[in-house]
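Reviewing the structure listed below.
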Amino acid sequence: MATKEEATRRGLRVMSEEQQAEGALVVDTVLDKLGYVMGHLGQVLQLRPVTGGREWDVYPAHVRRATDDEERQYAMRERTRALNSASSGGGFS
């Protein structure tokens, strides 16, 4: 589990409270999982997986902004998924 100081030392972009806006694409550093900030509940953030599904709670100290590479990789996966769905005659969901 990376602390805020460890993440900063490793060059990761740790988010301040004001950067943790709803809709931000972030990484839960404890689970090493990409998600969108859906809201704040007390002292925790609620994240939703980028592929949809059940939200989970995480402390703001354990969240960092997704890197540019992570954002690009996610965008490429989503584009590929949409193209594969369209080419197979299925609807994109």
Side-chain angles (χ1 to χ4, degrees):
M1 168 179 346
T3 66
K4 203 176 226 186
E5 292 77 24
E6 290 169 357
T8 301
R9 212 173 323 116
R10 291 188 308 195
L12 301 174
R13 298 185 289 182
V14 178
M15 299 179 74
S16 65
E17 296 252 348
E18 57 274 2
Q19 291 175 312
Q20 297 165 346
E22 289 185 22
L25 185 59
V26 300
V27 175
D28 176 337
T29 60
V30 174
L31 299 177
D32 194 30
K33 192 172 176 181
L34 199 61
Y36 287 108
V37 176
M38 300 306 292
H40 301 79
L41 183 62
Q43 295 184 8
V44 297
L45 295 174
Q46 294 180 311
L47 304 183
R48 180 180 54 83
V50 293
T51 55
R54 190 173 185 172
E55 294 178 4
W56 76 97
D57 296 337
V58 61
Y59 288 103
H62 298 172
V63 171
R64 65 170 174 80
R65 281 184 45 206
T67 64
D68 293 340
D69 284 343
E70 289 167 327
E71 289 183 27
R72 276 193 293 275
Q73 288 172 1
Y74 170 69
M76 292 280 288
R77 280 195 306 265
E78 284 302 298
R79 180 166 167 68
T80 301
R81 190 178 120 195
L83 290 171
N84 287 341
S85 180
S87 69
S88 67
F92 177 67
S93 59

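The figures here come from the full heavy-atom set of this structure, side chains too, leaving out hydrogens, waters and symmetry mates. Just so it is clear, the structure is predicted and the values come from calculations on it, not from any experiment.
When every heavy atom of Gln43 is checked against every heavy atom of Pro60, the shortest pair comes out as O-CD, 3.2 Å. The two residues Pro49 and Arg54 make their nearest non-hydrogen contact at CD-O, 3.2 Å. Among all heavy-atom pairs drawn from Glu71 and Ala66, the shortest one is OE2-O, 3.5 Å. Smallest separation of non-hydrogen atoms from Thr29 and Val63: OG1-N, 4.3 Å. When all heavy atoms of Glu70 and Arg65 are compared, the pair lying nearest together is OE1-O, 4.4 Å. Residues Trp56 and Leu34 share a closest heavy-atom pair of CH2-O, 3.8 Å.
In the hydrophobic clustering of this structure, Leu47 groups with Leu31; members are Ile, Leu, Val, Met, Phe, Trp, Tyr whose side-chain heavy atoms approach within less than 4.5 Å, directly or through other members. The hydrophobic clustering, which links ILVMFWY residues whose side-chain heavy atoms are closer than 4.5 Å, places Tyr74 and Val27 together. Taking hydrophobic clusters as Ile, Leu, Val, Met, Phe, Trp and Tyr residues chained together by side-chain heavy-atom distances below 4.5 Å, Leu41 does not share a cluster with Val37.
Remark: Leu45 CG to His40 NE2 distance equals 4.5 Å, nearest 0.5 Å. We find the CD-CE distance between Glu22 and Met38 to be 7.5 Å, quoted to the nearest 0.5 Å. Arg79 CZ to Arg72 CZ: the interatomic distance, rounded to the nearest 0.5 Å, is 16.0 Å.
A 4.5 Å side-chain heavy-atom check between Tyr36 and Leu25 finds at least one atom pair inside the cut-off.
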